[in-house]
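To start, the structure under review is shown below, and the notes come after it.
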Amino acid sequence: MGSRTRGLLLLGVLAGGAFLASCADMLERHEPVVLPTVGKAPYGELPDGSSVDLYTLTNGTGMRVKVLNYGAILAGVEVPDRAGAVCDVTLGYDSLEGWMKNPAYFGATIGRYANRIARGTFTLDGQTYKLATNNGENHLHGGLVGFHKVLWNAQPMATSTAAGVRLTYVSRDGEEGYPGNLSATVVYTLSTRNELKIEFTATTDKPTVVNLTNHAYWNLGGPGSGDVLGHLLTLFADQYTPVDRGLIPTGELKPVLDTPMDFTAPTPIGKRIAEVEGGYDHNFVLRNQPPRVGIAARLYEPRSGRLMELLTDQPGLQLYTGNFLDGSIVGKGGVAYGKHAGLCLEAQRYPDSPNRPNFPSPVLRPGETYHHTQILRFSTRPLPHSAHAR
Ligand code: GLA
């Protein structure tokens with residue numbers, strides 16, 4: 001193709017883009033042509049005969065989100081790239097059998113306690129509780145049967161600007177060793193502005209600890225696009241919580257400046273990952289602190305142009321770069337997930353907070369409501385000029 005033809009094509013694309021942008025503006029100012037919808041389809045059966053459904057949220061402005069009532073799992077997030085091509089940017093499975101095994105916690109709602117509690121024990125109001133230990137000597141992601149392995153009640157909902165599903169689960173007193181009956185709710189809402197909001201709430205009838213999160217693995221390049229080492233990550237965090245060999249925080253907060261933990265400016269994930277033993281699996285201390293919802297992370301994939309921003313009201317964010325993936329899990333579309341095939345950004349209380357009085361408290365008491373909001377905001381960036389010229 002001659003450079004003149006390429007130039008004309010580019011103009012066409014830019015003009016098309018400008019047209020689409022003005023159309024989108026018009027649609028926002030007036031009425032959306034396609035209203036958000038929620039679909040519900042049978043997905044499979046659990047061994048006890050109960051049926052699992054897949055809820056598909058469609059916003060009419062380019063995105064689709066899939067949620068299972070099994071595990072309140074975020075089963076898929078379809079997002080357009082800079083050319084408008086839509087694909088799923090999360091790792092996961094095509095069948096219930098896959099989600100039921102799910103050793104890597106793809107898309108999982110994690111509860112009651114995301115991340116690790118040292119030696120699976122903590123003391124609250126003078127009483128010591130013993131939890132299941134499922135990660136060496138430690139308790140990880142809620143224990144043997146976490147919130148991602150139970151059936152939730154689901155209620156779809158749609159308005160003129162958003163489609164959503166509300167899921168509820170009651171975790172009984174003593175489940176996995178935790179005190180109190182805990183009523184948990186997760187609400188997924190997809191707006192016409194391509195924002196996916198995930199809101200967690202919980203109440204209890206006895207003092208307990210809570211730390212719910214979502215464990216989606218992102219690869220903004222889409223299925224089969226390789227690892228995430230070329231994604232550019234910005235974390236709005238100046239400190240992190242160093243860990244021991246068992247990934248339990250030492251209790252210190254250390255500055256990220258001039259270390260491989262420094263993502264304060266957009267940085268390729270792979271730039272200094274070799275200097276971090278095992279890869280990134282660390283909690284960052286966010287600049288924004290509760291109860292305000294503020295920016296925590298920005299993730300950009302240069303080839304597709306997809307950009308994802310994560311806003312939250314949680315004090316910490318775990319960056320986990322899929323270090324334990326080794327190609328043995330075959331997921332959506334038959335793709336084998338190799339090391340670093342996806343990354344997680346887990347908004348959370350700091351790991352092992354129940355044993356760390358200097359960390360923000362994860363304690364929930366009767367009469368209080370635990371709140372956790374995260375917003376995933378999707379958009380695209382155009383090709384930089386230098387890339388057009390090539
Ligand atoms: C979290 C943990 C990791 C790992 C993954 C699941 O992100 O911090 O160490 O357990 O979950 O594989």
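Counting starts at 1 for both ligands and their atoms, in listed order. The analysis underlying the following values was restricted to heavy atoms, covering all of them including side chains, and did not include hydrogens, waters or symmetry mates.
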Heavy-atom contacts with Tyr217 under 4.0 Å: which atoms of ligand 1 show up? List them by number with element.
6 (C), 12 (O)
Kindly state each residue pair satisfying salt bridge (Lys or Arg N to Asp or Glu O under 4.0 Å) with at least one member in residues 280-295, sequence neighbours excluded.
Asp238-Arg287
Side chain or backbone of Asn323 under 4.0 Å from ligand 1, or both, or neither, by non-hydrogen atoms?
neither
Leu140 heavy atoms, cut-off 4.0 Å: which ligand 1 atoms fall inside?
10 (O)
Quick one: look at Phe106 and ligand 1, take heavy-atom pairs under 4.0 Å, and tell me if it's side chain, backbone, both or neither.
neither
Nearest non-hydrogen protein atom to atom 4 (C) of ligand 1, with distance, is Phe324 CE1, 3.8 Å
As an exercise, identify every atom of ligand 1 less than 4.0 angstrom from a heavy atom of Arg116.
2 (C), 3 (C), 8 (O), 9 (O), 10 (O)
More than 12 foreign heavy atoms under 6.0 Å from CD of Glu275: is that the case here?
yes
Going by atom types only, do Asn115 and Glu346 share a side-chain donor-acceptor pair under 3.5 Å?
no
Examine Arg356 relative to Tyr350 and say whether NZ or CZ is less than 6.0 Å from the centre of the six-membered ring and inside a 45° cone about the ring axis.
no
Distance-only polar pair, side chains of Asn211 and Ser353, donor-acceptor under 3.5 Å:
no
Classify the side-chain pair Asn355/Asp352 by whether it contains a donor and acceptor separated by less than 3.5 Å.
yes
Thinking salt bridges, do Glu301 and Arg306 make one under a 4.0 Å N-O criterion?
no
In the protein, which heavy atom is nearest to atom 6 (C) of ligand 1, and how far is it?
Tyr105 CD1, 3.7 Å
Against heavy atoms of Gln318, which atoms of ligand 1 measure under 4.0 Å?
8 (O)
For atom 1 (C) of ligand 1, what's the nearest protein heavy atom and its distance?
His141 NE2, 3.0 Å
Over 60° means perpendicular and under 30° means parallel, so tell me whether Tyr217 and Tyr320 are parallel, tilted or perpendicular.
perpendicular
Closest protein heavy atom to atom 8 (O) of ligand 1, given as residue, atom name and distance to 0.1 Å
Asp281 OD1, 2.6 Å
Side chain or backbone, does Glu346 bring an N or O within less than 3.5 Å of an N or O on ligand 1?
yes
